[in-house]
Enquirer: 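Dropping a structure here in structure tokens format, bear with me for questions.
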There are 2 protein chains.
Amino acid sequence: MADPMYRRIADDLSRQIESGELSPGMPLKSEVELREEYGKDGTMVSRNTVRDAIKLLVSRGQVETRPGQGTFVLRKVQPFITRLTLDPKPGDVEDTVFKSEAERQGREIDDSRPRVEVQLADDIVARLELGKGAQVISRHQQRRIDGTPWSLQTTFYPMDLLQRGPDATRLLEATSIEEGAIGYLRTHLGIDQVGWRDTIIARLPTAQERAFFELSDKVQVAMFEFRRTGYEENGKPIRFTVTVYPADRNQFELQAGRVPSNE
Amino acid sequence: MADPMYRRIADDLSRQIESGELSPGMPLKSEVELREEYGKDGTMVSRNTVRDAIKLLVSRGQVETRPGQGTFVLRKVQPFITRLTLDPKPGDVEDTVFKSEAERQGREIDDSRPRVEVQLADDIVARLELGKGAQVISRHQQRRIDGTPWSLQTTFYPMDLLQRGPDATRLLEATSIEEGAIGYLRTHLGIDQVGWRDTIIARLPTAQERAFFELSDKVQVAMFEFRRTGYEENGKPIRFTVTVYPADRNQFELQAGRVPSNE
DNA sequence: AACGATTTGTTCGTATGTATC
DNA sequence: TGATACATACGAACAAATCGT
């Protein structure tokens with residue numbers, strides 16, 4: 001009797017889900033039925049106790065509650081696998097690699113028109129090794145694959161990139177750069193991204209991310225956050241990109257050394 | 001008035017924590033005080049509403065409640081950064097790389113004695129491209145860094161590796177292989193891991209993982225899961241490793257191309 | 001050691017709103 | 001439209017942990 005009632009109920013339901021006794025998409029018993037099931041000798045457990053148990057399952061991401069319908073066991077979706085490439089060849093830039101990878105998997109990518117802003121953000125400025133108070137250009141884009149919201153990306157450029165050439169102001173325009181940002185920097189501004197460093201983080205989504213990715217308020221899904229700093233030849237950072245992917249529909253792949261091809 | 005009361009309270013407290021107005025270790029106001037603070041015109045918010053707000057903060061890992069004492073702001077832990085190496089050189093094997101990296105950061109690594117089992121697991125067998133019903137050797141290890149539980153790792157080997165040489169049975173012994181598993185395979189069995197493929201997943205922890213990583217039931221933390229298949233020269237998989245890291249204390253770093261050194 | 005005050009934990013109840021069928 | 005089920009908000013009682021007197 002160590003565990004409180006609501007946790008015992010949660011654990012029991014949890015076990016049924018893990019064992020497959022309750023399969024994805026199936027509704028749990030209604031609150032009233034659960035109150036009866038876990039009450040002893042014909043008595044009923046309190047409604048709130050049952051609800052506390054269900055809250056626990058929801059917070060574990062095992063079930064989803066739908067108002068007016070019931071509580072349902074969640075299913076796992078088929079994840080999109082992004083292959084992290086390791087050698088940035090000049091003709092094989094990030095965006096292109098990503099797109100061809102998606103096409104290889106027969107999926108359709110749809111990028112939103114970027115939202116462009118000029119910002120004063122000291123944490124970003126530090127990443128780009130600029131002076132305190134410096135301004136940065138931010139380009140924010142949403143990506144959908146087969147209509148499903150897939151990733152949110154914000155790229156920051158130092159403001160002084162605009163001095164590098166007459167075409168640089170295009171960075172300020174809210175139009176997609178079709179050829180890919182890295183290719184654009186190289187062909188129009190003569191800026192070559194010769195390498196990058198990623199920091200990979202996993203965390204829970206923010207409220208805004210929940211909204212875009214159509215995650216219910218209550219469902220707990222992990223998020224990948226990639227923070228990529230791109231460097232040019234002289235070792236100076238030229239862009240800082242933060243990309244967020246919901247982990248329920250995204251996985252990443254990494255190869256090293258000699259590995260047989262995938263299929 | 002879009003957001004419900006309990007979330008407005010949670011967001012307000014959350015903001016105070018993020019801004020540093022409430023610093024780590026400090027107690028929040030007591031439930032009674034919060035009921036007064038967020039009630040209008042001398043009225044009090046319901047105790048349960050305040051408690052719902054605090055529950056939200058607890059689930060985000062921002063605060064911790066201690067019975068009889070109060071609710072306290074948690075501090076963020078300094079994450080351990082693992083650099084994902086991309087070129088497996090013969091003398092520079094995985095384990096060694098990892099350990100020197102830890103030492104570079106001035107941390108102390110403590111690996112448990114491995115738990116070794118012989119298993120019949122079809123999903124693993126498929127990864128190792130063995131026939132259905134084949135047996136695999138599993139070696140399970142726990143890793144702590146500076147006393148804090150840091151990762152759980154299980155490595156699977158095909159059972160027929162035991163035929164490769166007289167020393168192979170050491171894989172069945174519950175002793176750490178000090179030189180690192182990959183080095184052991186090479187020097188004692190002549191098996192060279194020439195490459196690997198990782199699949200990187202983010203998800204929520206299981207009950208067992210919560211227990212080992214000392215995560216409270218109420219805190220929501222994401223987990224990294226790395227699934228690494230190692231291949232030998234002829235392209236056959238020789239090991240399959242699953243490693244789980246809690247994302248609140250682990251990050252990963254990845255470099256490509258020419259990048260300035262870290263500091 | 002004993003007690004009371006304070007604080008959080010758990011369980012019960014009620015009421016009202018909203019979404020779905 | 002009514003019935004059902006979940007979401008939010010409130011109130012109350014008792015338990016358990018902690019701390020100071």
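Nothing here was measured: the structure is a model prediction, and the numbers come from that model. In what follows, chains carry the letters A, B, and so on, assigned in the order in which the sequence lines appear, proteins first and then strands, with residues in each chain numbered from 1.
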Enquirer: About how many Å separate CZ of A/F252 and CG of A/D198, when rounded to the nearest 0.5 Å?
Expert: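 Answer for the CG-CZ pair, A/D198 versus A/F252, is 9.5 Å.
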
Enquirer: To the nearest Å, give me how far apart CZ (B/F72) and C1' (C/dT6) are.
Expert: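 So the CZ-C1' distance, B/F72 to C/dT6, works out to 12 Å.
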
Enquirer: Checking the side chain of A/N250 only, and the main-chain atoms of A/P246 only, is there a donor and an acceptor separated by less than 3.5 Å?
Expert: yes

Enquirer: Considering non-hydrogen atoms only, spot the tightest contact between B/P205 and B/V221 and give its length.
Expert: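 What the structure gives for the nearest pair is CD-O, 3.0 Å.
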
Enquirer: Given A/T241, which partner from the list A/T154, A/T155, A/T229 fulfils the side chain to side chain donor-acceptor pair (under 3.5 Å) test?
Expert: A/T155

Enquirer: Separation of B/E64 atom CD from C/dG9 atom C1', in whole Å?
Expert: 15 Å

Enquirer: Assign a letter to each nucleotide of nucleotides 10-20 of chain D from its 5' end: B, base within under 4.0 Å of a protein heavy atom; S, sugar-phosphate only; -, no contact.
Expert: BBBB---BSS-

Enquirer: Heavy atom of residues 25-33 of chain B under 4.0 Å from DNA chain C: which residues?
Expert: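 Per residue number, the list reads B/S30, B/E31.
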
Enquirer: I need the residues from residues 50-59 of chain B with at least one non-hydrogen atom less than 4.0 Å from DNA chain D; give them sorted by number, or say none.
Expert: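 None - not one residue of the stretch has a heavy atom sitting under 4.0 Å from the strand.
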
Enquirer: Provide the closest heavy-atom pair for A/P149 versus A/F213 in the form atom of the first, atom of the second, distance.
Expert: O-CD2, 3.6 Å

Enquirer: Should B/L34 and B/I54 count as side-chain neighbours, where that means a heavy-atom distance under 4.5 Å?
Expert: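 Answer yes - side chains close enough.
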
Enquirer: Do B/R210 side-chain atoms and B/V219 backbone N/O form a donor-acceptor pair below 3.5 Å?
Expert: yes

Enquirer: Less than 4.0 angstrom between a side-chain N/O of B/T71 and OP1 or OP2 of C/dT7, yes or no?
Expert: no

Enquirer: Does one side chain, of B/R60 or B/S14, offer a donor that lies under 3.5 Å from an acceptor on the other?
Expert: yes

Enquirer: Is any side-chain N of the basic residue among B/K76 and B/E18 closer than 4.0 Å to the acidic one's carboxylate O?
Expert: yes

Enquirer: On the six-membered ring of B/F72, is B/R66 placed so that its NZ or CZ lies under 6.0 angstrom from the centre and within 45° of the ring axis?
Expert: yes

